[in-house]
2 protein chains.
Amino acid sequence: MKDNNAKYVLLGLLSHNPMTGYDIKKSVATRMSYFWDLSYGQIYPTLKDLEKNKLITKKVEQNEKGQNRKVYTITDAGTKELQEWLAKPARKEVHKYEFLLKLIFGDQADFELNLKHIEEFKARNQRILQTMKLFEENVKPILNQSEAHFYVLLTVLLGKSISKASVEWAEDALKLLREHSGGEVKT
Amino acid sequence: MKDNNAKYVLLGLLSHNPMTGYDIKKSVATRMSYFWDLSYGQIYPTLKDLEKNKLITKKVEQNEKGQNRKVYTITDAGTKELQEWLAKPARKEVHKYEFLLKLIFGDQADFELNLKHIEEFKARNQRILQTMKLFEENVKPILNQSEAHFYVLLTVLLGKSISKASVEWAEDALKLLREHSGGEVKT
DNA sequence: AAAGCCATGTAACCAGTTACATGATTCT
DNA sequence: AGAATCATGTAACTGGTTACATGGCTTT
């Protein structure tokens, strides 16, 4: 079967709780929003594949409402495969800062445009920072409830640090840019 | 023609200097190493495409050594297209922290493994931080030589801030993890 | 002589997104 | 009644990587 990260995200999440594809999507979009993303286009085919390979099992919930929720549970083989993957070194981080691509060619644009890109970056990071602070506050009181929460906290703290550093950089950059393009100091 | 970021990276770089595909690869791998990457598999086909659309022109250098360097130069149409792209808002940043994916499922692994992932992340970021400091020192004395250098500096400063924040997080995380898994404070 | 860099390029593949399709339930 | 959320899924596409192929020049 395909050996991409999506596979291990699903196994990892299912190692905590049985879930549906829909649940997984929401989990990733919250817990992991800072550093990972998955679309349904990856989730559903991967679930099918994992089931075929007996790393997870499916139980169709025929509940009162007649909905067909498909709840997946990790198997022992799945847990083993997850742990093997965890033991391998991680690849280096991949970043795509489209705004830096625009900023690095800032000599081809005008001043206000460059300011705008930085301001938008700052705003994005302020939103992330707030979200991370919120997550932190939510997780801290329940740290003792599960070992897993501690590791969520660690990832949240990195998101917090980086978004904070990004906002601070943006403030400095705006200042530098204004000095650079604008008023020369009187002499 | 295809409208991906690779196109604009090439136009942007060529807006500074005429270059070969090989030069572009090196430029991206240094100046932009922190926030972008391009492979030859993207560069050469995109150059061909840009030339076909008259956004750049090609000059084959038949120099002494008999090599065939193909030097590309941006056209007015290319410059215009670059500037139009610069004026559009940037998409939000995309991050992939594979190590956080492994760390967030840390409850499925043992202590030393989690430490190792953090230590490797720290080492990666220490290397980046050093590189960024070096770039900063190299660019600062030549800021007056070209408007473009100023914008390079801004991007380098963000790389520096974020890698510094990452190293600091790693130190805190190692401490937290040791406390968490290890010695309970005596009472 | 070998390693490494300069230099160009393609084909096959893999990863991931987007748009679409469907339909029930719950909240306002 | 309409909007939002729950819930599943696929097909086509785009973006990007990797492995391969080629060959000259330069440094050790």
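What you see is a predicted model, and the numbers here were worked out from it, not measured in a lab. Proteins get letters first, then strands, A, B, ... in listed order; numbering begins at 1 in each.
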Seminar exercise, completed: For Q42(B) and A6(B) the tightest heavy-atom approach is NE2-CB, 4.0 Å
Exercise. Does T20(A) put a side-chain nitrogen or oxygen below 4.0 Å from OP1 or OP2 of dC6(D)?
Worked result: no
Exercise. Rounded to the nearest Å, what distance is computed from the OH atom of residue Y44(A) to the C1' atom of nucleotide dT17(C)?
Worked result: 16 Å
Exercise. Atom CZ of R69(A) and atom P of dT25(C): how far apart are they, to the nearest Å?
Worked result: 14 Å
Problem set entry | Length of the line joining E98(B):CD and dA15(C):C1', which is rounded to integer Å | 13 Å
Exercise. Mind checking whether V9(A) and V94(B) sit in one hydrophobic cluster, side chains of I, L, V, M, F, W, Y counted as touching below 4.5 Å?
Worked result: no
Exercise. Do you know which two heavy atoms are closest between Y44(A) and Y22(A), and how far apart they sit?
Worked result: OH-N, 3.6 Å
Exercise. What is the distance from CG of N68(A) to P of dG9(D), rounded to the nearest Å?
Worked result: 7 Å
For this session: Starting at the 5' end of nucleotides 13-20 of chain D, put B wherever the base has a protein heavy atom under 4.0 Å, S where only the sugar-phosphate does, and a dash everywhere else.
Result: --SSBB--
Exercise. Should the ring pair W169(B) and F121(B) be called parallel, tilted or perpendicular, given that the plane angle runs from 0 to 90° and is split at 30 and 60?
Worked result: perpendicular
Problem set entry | Within-4.5 Å side-chain heavy-atom neighbours: E98(B) and N5(A) | yes
Can you give the donor-acceptor pairs under 3.5 Å from side chains of residues 126-135 of chain A to other protein atoms, not counting sequence neighbours?
| from | atom 1 | to | atom 2 | distance (Å) |
| --- | --- | --- | --- | --- |
| T131(A) | OG1 | R127(A) | O | 2.9 |

Exercise. Going by distance alone, is a donor N or O of one side chain under 3.5 Å from an acceptor N or O of the other, for D107(A) and H16(B)?
Worked result: yes
Extract all donor-acceptor atom pairs below 3.5 Å that involve side chains of residues 154-166 of chain A and protein atoms in other chains or at least two apart in sequence.
| from | atom 1 | to | atom 2 | distance (Å) |
| --- | --- | --- | --- | --- |
| T155(A) | OG1 | V152(A) | O | 2.7 |
| K160(A) | NZ | E136(A) | OE1 | 2.9 |
| S161(A) | OG | L157(A) | O | 3.0 |
| S163(A) | OG | G159(A) | O | 2.7 |
| S163(A) | OG | K160(A) | O | 3.2 |
| S166(A) | OG | I162(A) | O | 2.8 |

For this session: Measure the distance from OH on Y8(A) to P on dG16(C) and round it to the nearest whole Å.
Result: 13 Å
Exercise. When the distance from OH of Y72(A) to P of dA7(D) is rounded to whole Å, what number comes out?
Worked result: 13 Å
For this session: With a 4.0 Å heavy-atom cut-off, tell me which residues in residues 45-59 of chain B come close to DNA chain C, sorted by residue number.
Result: K48(B)
Hey, can you pull the donor-acceptor pairs under 3.5 Å for the side chains in residues 70-88 of chain B, sequence neighbours left out?
| from | atom 1 | to | atom 2 | distance (Å) |
| --- | --- | --- | --- | --- |
| T75(B) | OG1 | K54(B) | O | 2.8 |
| T75(B) | OG1 | L55(B) | O | 3.0 |
| T75(B) | OG1 | A77(B) | N | 3.4 |
| T75(B) | OG1 | G78(B) | N | 3.1 |
| T79(B) | OG1 | T75(B) | O | 3.1 |
| E81(B) | OE2 | K7(B) | NZ | 2.6 |
| Q83(B) | NE2 | Q108(A) | O | 3.2 |

For this session: Starting at atom NZ of K70(B), determine the distance to atom P of dT22(D), rounded to an integer number of angstrom.
Result: 17 Å
Exercise. If Ile, Leu, Val, Met, Phe, Trp and Tyr residues are connected whenever their side-chain heavy atoms lie under 4.5 Å apart, and connections chain through other members, are L115(B) and L101(B) in the same group?
Worked result: yes
For this session: Go through the steps for E112(B) and H117(B) under the test side-chain hydrogen bond (donor to acceptor under 3.5 Å, both in side chains), then give the verdict.
Result: CA-CA 9 Å; E112(B) 280 78 19; H117(B) 288 310; over 6 Å; no
Problem set entry | Nucleic acid contacts - residues 21-29 of chain A versus DNA chain C, non-hydrogen atoms under 4.0 Å | none
